[in-house]
Amino acid sequence: MSETSPEPIATFCGNCNCGCPQLFLDPDASEDKRVRITDDFGQQVQMSQEQFTDLVAQAKAGALDRLTAAPA
């Protein structure tokens, strides 16, 4: 068993005390649920490291850019 499970990887926002979304890695979880993303409402998404790697690759390739573009 790991010392800190799940291990916090990143907090998104972090500028308030609202329970910001977070990214965790849980090495004790089953392979298909090792990566966990929580939102500020207590909901979560779990995925495999392979799925998360694909998500990151798509984000780096620009697939999510339109979500961060300033409104025209």
Side-chain angles (χ1 to χ4, degrees):
M1 181 179 279
S2 61
E3 214 170 282
T4 304
S5 186
E7 175 188 352
I9 302 297
T11 299
F12 307 102
C13 176
N15 297 325
C16 59
N17 197 15
C18 65
C20 300
Q22 290 185 286
L23 173 67
F24 296 92
L25 177 62
D26 189 351
D28 296 331
S30 61
E31 172 61 33
D32 62 333
K33 296 180 179 180
R34 291 236 166 100
V35 178
R36 182 184 312 164
I37 300 173
T38 61
D39 68 13
D40 48 347
F41 301 107
Q43 302 297 310
Q44 65 181 4
V45 172
Q46 293 174 287
M47 64 186 80
S48 69
Q49 285 181 267
E50 183 178 333
Q51 289 169 319
F52 184 70
T53 298
D54 183 57
L55 174 77
V56 170
Q58 288 188 47
K60 285 181 177 181
L64 305 178
D65 289 354
R66 66 185 177 94
L67 299 175
T68 61

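In this chain, numbering begins with 1 at the start of the sequence shown.
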* **Pairs involving residues 33-62, ordered by first then second residue, that meet salt bridge (Lys or Arg N to Asp or Glu O under 4.0 Å) (sequence neighbours left out)** => D26-R36, E31-R34

* Asked: Looking at residues at least two apart in the chain, or sitting in another chain, which of them share a side chain to side chain donor-acceptor pair (under 3.5 Å) with T68?
  -> none

* Partner set under side chain to side chain contact (heavy atoms under 4.5 Å, CB included) for L23, not counting sequence neighbours -> I9, A10, F12, V35, I37, F52

* Asked: What residues join F24 in its hydrophobic cluster, counting side-chain heavy atom gaps under 4.5 Å, either direct or through other members?
  -> none

* Asked: Considering residues at least two apart in sequence or located in another chain, which fulfil the side chain to side chain donor-acceptor pair (under 3.5 Å) criterion with S48?
  -> Q51

* **Contacts of type side chain to side chain donor-acceptor pair (under 3.5 Å), residue Q22, not counting sequence neighbours** => T11

* Structure fact -> Scanning both residues in full, the closest heavy-atom pair of L64 with A59 reads CD1-CB, 3.6 Å

* To which residues is F41 joined in a hydrophobic cluster, defined by side-chain heavy-atom contacts under 4.5 Å among Ile, Leu, Val, Met, Phe, Trp and Tyr, whether direct or through other members? -> none

* Structure fact -> OG1 of T53 to CE of M47, rounded to nearest 0.5 Å, is 10.5 Å

